[in-house]
Amino acid sequence: MTSVIIVLASDEYDEADYIRTYHEFLRWEADAAAVTEVPYLDLARGAREIAPELELVARRVLRSGYFIGGPETQRFEDHFADYCGAAQMVGAGNGLDALVLALRAWGVGPGDEVIMPAHTFIATALAVDEVGATPVLVDVEPDTGLMDVGKVEAALTDRTRVVMPVHLYGLPVDMDTLKAIVAGRDIRILEDACQAHGARYRGRRCGALGDAAAFSFYPTKNLGALGDAGGLTTNDAALAERVRMLGNYGSKVKYAHELLGRNSRLDPLQAAILDVKLDLLDGWNARRRELAARYSQGLSGLAGLQLPKVRPYVEPVWHVFPVLAPGQRDSLQAFLLHNGVGTNIHYPTPVHRQPCYAGRWSSGFPVAEAFAASVLSLPLDQTHTDREIDYVIDRVRQFFSA
Ligand SMILES: Cc1ncc(COP(=O)(O)O)c(C=O)c1O
């Protein structure tokens with residue numbers, strides 16, 4: 001192995017002058033280059049920064065002989081539960097499965113209703129359909145795209161079993177207000193925290209704010225595996241045990257199947273990788289907040305562009321940095337693409353407008369529809385450099401000044 005030591009000398013000690021890790025060297029190198037294009041997300045860039053650590057743990061798993069379950073999975077489950085402030089974490093194959101397993105463990109099924117926002121990734125709704133229950137949609141807030149908790153009360157019926165707030169974009173939902181609305185009823189709160197690893201609501205992390213929370217470790221997430229992975233956090237030991245059994249063919253003891261389960265587990269290889277990344281997550285999230293602040297400052301005051309609204313009681317983790325450009329979203333996206341800037345749309349079609357739900361809902365959800373028609377996700381990942389973000393800011397300003 002070749003070691004390269006770079007010393008930047010200065011007259012006086014200044015910590016900012018020092019490159020102490022390979023990781024910092026890559027950042028310095030990237031920042032020194034002229035920016036002509038900005039990828040929306042370059043997963044290989046992030047992987048390169050921690051490749052030596054990941055290769056080490058992959059070798060460790062290879063030699064351990066544990067390829068399903070075992071100590072690596074257990075260690076990450078314990079660490080992630082602690083990180084979220086929850087008593088338990090049960091790994092699953094992906095985020096959708098984590099949602100499904102929780103609903104199934106609570107016995108939610110045909111005839112039951114689950115309240116959820118009209119604007120989310122489709123998996124939130126698919127989980128409800130998969131157990132045979134009925135998704136009941138509520139409209140979203142115009143400035144955040146999050147479930148409008150003020151509309152939940154009107155959606156409650158005798159059949160409501162669960163409310164599923166989605167901390168979309170890494171922005172926590174107003175959980176205290178939601179809890180006050182369902183208080184005194186036999187209704188569970190299942191956080192869809194698939195985009196909110198590390199986000200805080202009134203100082204507490206998502207993942208321990210309701211009765212249970214589902215996480216996805218899909219590779220693009222703030223905490224992402226090298227493939228599909230997911231899990232459920234909860235303070236309810238009985239729920240955790242049931243979810244674990246349901247994801248393991250309904251069994252606690254080998255070849256004794258007490259429940260009608262399935263196979264959905266967190267692989268030790270993915271768990272070991274996630275455990276390495278978990279140590280870095282707070283630093284990555286802080287960097288995301290720094291870049292979000294850079295956007296907010298650089299893009300303020302543009303007529304025609306709305307920046308994401310952050311409520312004072314949340315600390316977001318910016319899984320996505322969504323801006324609204326009503327009436328101009330598509331032309332802004334095309335302009336940015338033409339200028340080498342990758343963007344994304346999360347999500348272009350609300351749940352009730354998806355072809356798989358054709359004919360299901362007679363009424364529309366106008367705020368969700370307007371939001372989906374104007375939202376654009378700008379590049380924001382911990383691997384982006386200040387200069388890349390400044391390049392995007394310049395191009396966006398150029399578009400609005402034309
Ligand atoms: C809000 C939300 N819910 C659920 C999921 C499903 O997670 P997965 O892709 O791991 O099944 C995702 C992630 O893709 C998501 O963003």
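Indexing begins at 1, ligand by ligand and atom by atom, following the structure's order. Here, residue 1 is the first one in the sequence, and each next residue gets the next number. Source: prediction; values computed, not measured.
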Parallel, tilted or perpendicular, as decided by the 30° and 60° cut-offs, for the rings of Phe365 and His352: perpendicular
Distance from atom 9 (O) of ligand 1 to nearest protein heavy atom, with residue and atom: Ser216 OG, 3.9 Å
Lys NZ or Arg CZ of Arg395 over Phe335 ring: under 6.0 Å, within 45°: no
Which of the ligand 1 atoms, numbered from 1, are nearer than 4.0 Å to a heavy atom of Val166: 1 (C)
Heteroatom proximity flag, Ala123 to ligand 1, N/O under 3.5 Å: no
Reference residue His119; test side-chain contact (heavy atoms from CB on, under 4.5 Å); the match among Leu168, Thr124, Val351: Leu168
CA sep, side-chain torsions, deciding dist, call: Arg311, Asp143, salt bridge (Lys or Arg N to Asp or Glu O under 4.0 Å): CA-CA 10 Å; Arg311 305 276 185 256; Asp143 53 357; 3.1 Å; yes
Parallel, tilted or perpendicular: ring planes of Tyr83 versus Phe80, cut at 30 and 60 degrees: parallel
Proximity of Asp192 to ligand 1 by residue part, where a heavy atom lies under 4.0 Å: side chain
N or O contact, Tyr218 vs ligand 1, cut-off under 3.5 Å: no
Asp228 near ligand 1 by a heavy-atom separation under 4.0 Å: no
Atoms of ligand 1 close to Gly95 [distance to a heavy atom under 4.0 angstrom, numbered from 1]: 7 (O), 8 (P), 10 (O), 11 (O)
Residue Leu96 vicinity, atoms of ligand 1 by number, heavy atom under 4.0 Å: 6 (C), 7 (O), 8 (P), 11 (O)
Heteroatom proximity flag, Thr120 to ligand 1, N/O under 3.5 Å: no
Over 12 non-hydrogen atoms of neighbours within 6.0 angstrom of OH in Tyr66: no
Geometric cation-pi criterion Arg387 and Tyr391, 6.0 Å radius, 45° cone: no
Element-labelled atoms of ligand 1 that are located less than 4.0 Å from some non-hydrogen atom of Asn94: 10 (O), 11 (O)
Parallel, tilted or perpendicular: ring planes of His319 versus His346, cut at 30 and 60 degrees: tilted
Atoms of ligand 1, numbered as shown, that sit under 4.0 Å from any heavy atom of Cys194: 2 (C), 3 (N), 4 (C), 5 (C), 12 (C), 15 (C)
Protein residue, atom and distance nearest to atom 13 (C) of ligand 1, heavy-atom basis: Lys221 NZ, 2.8 Å
